[in-house]
Amino acid sequence: MKIKEVADKLKITQRAIRFYEDKGLIAPSKQDDNQYRIFDEEDIWRLQTIVALRESGMSINDIKTALSDIKANGSSPLRYLLELQRSVMFSKWIEMKQIIETTDQMIETLKNDHELPLDDIYTLAEGSRRLREQREWEDKWGFDQLASVHDQLVQEDSRKYKNYDEALEHIVKLVSSIAGEKGLDIGTGTGNLAGRLSAKGVMMAGVDQSREMLLACQRKFPEMETKLGNFLALPYLDGKFDFVVSSFALHHLTSYQIPLALQEMQRVLKPHGRICIADLMMNENQISSNENDEDYIHLSKLIALFESNGYITKQMRINEMLYVVLAVPIR
DNA sequence: CTTCTCACA
DNA sequence: TGTGAGGA
């Protein structure tokens with residue numbers, strides 16, 4: 001196939017095709033005599049995925065790594081690609097939701113005051129700046145690399161993962177799941193928490209932002225469903241789960257993102273769905289005295305957030321820093 | 001019809 | 001992240 005045919009078929013310009021070649025996304029062979037590009041099935045497939053991913057807002061560079069990952073993996077590239085695409089689209093969607101919200105706020109303010117106070121303009125600008133930052137958190141911690149050693153780490157790292165197993169057991173106890181329920185584990189990692197619930201007869205789904213972690217998880221718990229995603233972009237439709245759990249993951253969010261995460265959890269939960277979270281948190285006494293590199297969750301703020309959203313909470317302290325919080329909606 | 005490069009947003 | 005022009 002020559003370039004015009006391909007361009008017509010995929011509804012893109014010939015220029016764009018050459019541009020993608022220039023960026024190293026495709027490498028069609030050239031005809032010997034006249035140097036014309038010839039596109040085979042493989043090239044067309046790659047181009048198709050490029051335009052699809054481009055449409056969902058993925059950068060050229062990200063597409064490049066995604067494509068090479070697919071090639072290296074081989075196992076089920078199509079499914080991986082579709083999930084990747086969906087998770088990107090969900091991220092976009094969440095972003096749009098936030099933009100709509102801030103816009104609504106502006107409209108409200110204008111309606112009441114007939115002008116935007118300087119403070120508001122500042123916070124709005126701050127908000128959209130944070131909005132952009134969110135996108136950069138994808139592999140900030142290099143969990144893809146950590147996947148293979150993760151399970152030893154949680155047993156050995158006595159500082160960060162102290163009482164790891166106890167915390168997971170407490171979650172299992174607190175959610176008191178019923179066989180046949182559907183549960184979601186956010187930041188599931190290699191599935192240590194979800195696996196325990198799965199053993200109780202719950203249909204567990206696990207979300208993580210690291211593909212390597214999910215692969216390890218699937219090896220350990222083949223019955224589990226795993227998807228790429230994160231707290232702010234859960235790859236599920238509304239009202240799918242009876243409960244959401246999470247362990248040692250929420251602290252990766254900034255305090256600004258936590259309310260957004262709650263909204264997102266509520267979205268995928270059924271009307272009376274409950275939430276149970278274990279993580280390192282700080283109580284009042286520790287807040288000023290502890291200045292660590294990790295942005296710790298403030299226990300009181302988290303409780304207040306749940307309560308202002310109509311939840312009754314129950315908390316358990318496992319050790320100095322580790323808490324398990326259960327939130328059940330009122331009525 | 002294709003190639004490439006230069007400039008431009 | 002692409003596009004348009006223009007020569008070969």
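In what follows, every chain begins at residue 1, and chains take the letters A, B, ... in the order their sequences are listed. In this text the structure is predicted, and so the values were computed from the model without any measurement.
Remark: P of dG4(C) and CD of Q14(A) are 12 Å apart, rounded to the nearest angstrom. Counting to the nearest Å, the P atom of dC1(B) and the CE atom of M1(A) are 15 Å from each other. In this structure, CD1 of I63(A) is placed 8 Å from P of dT1(C), rounded to the nearest angstrom. Distance R15(A) CZ to dT2(B) P: 14 Å, rounded to the nearest Å. We find that CD1 of I50(A) is positioned 13 Å from C1' of dT1(C), with the value rounded to whole Å. Between D22(A) atom CG and dC4(B) atom C1' there is a gap of 11 Å when expressed in whole angstrom units. With rounding to whole Å, E21(A) atom CD is found 12 Å from dC4(B) atom C1'. What separates CD1 of I60(A) from C1' of dT3(C) is a distance of 14 Å, to the nearest Å.
The pairing partner recorded for dC1(B) is none, the criterion being a Watson-Crick or G-U wobble arrangement whose two distances lie under 3.5 angstrom.
Using a 4.0 Å cut-off, no side-chain N or O of Y20(A) falls inside it from OP1 or OP2 of dT1(C). Between K4(A) and dT3(B), a side-chain N or O to OP1/OP2 separation shorter than 4.0 Å is absent. Taking only side-chain nitrogens and oxygens, T13(A) comes nearer than 4.0 Å to OP1 or OP2 of dT3(C).
One finds no salt bridge joining K2(A) and E5(A) here, because no Lys/Arg side-chain nitrogen approaches an Asp/Glu carboxylate oxygen to under 4.0 Å. R18(A) and D22(A) are not joined by a salt bridge, as no carboxylate oxygen comes within less than 4.0 angstrom of a charged side-chain nitrogen.
When distances are taken from the side chain of A16(A) to each of dC6(B), dC4(B), dG2(C), the shortest belongs to dG2(C). You'll find that the side chain of R18(A) is closest to dT3(B), out of dT3(B), dA5(C), dG2(C).
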Requested in this report: Please assess D165(A) against R196(A) for the test salt bridge (charged side-chain N to carboxylate O under 4.0 Å, His left out), listing each intermediate value before the final yes or no.
Outcome: CA-CA 10 Å; D165(A) 288 323; R196(A) 287 167 197 245; 2.9 Å; yes
Query - Derivation of the salt bridge (charged side-chain N to carboxylate O under 4.0 Å, His left out) call for K182(A) and D242(A) - result: CA-CA 5 Å; K182(A) 295 193 74 172; D242(A) 297 292; over 6 Å; no
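Nearest heavy-atom pair, D185(A) versus S247(A), reported as atom, atom and distance to 0.1 Å: OD1-N, 4.4 Å. Closest approach of C217(A) and T226(A) over heavy atoms only: SG-CG2, 3.9 Å.
Contacts of residues 36-43 of chain A with DNA chain B (heavy atom under 4.0 Å): Y36(A), R37(A).
Looking only at side-chain heavy atoms (C-beta outward), M204(A) and V245(A) come within less than 4.5 Å of each other.
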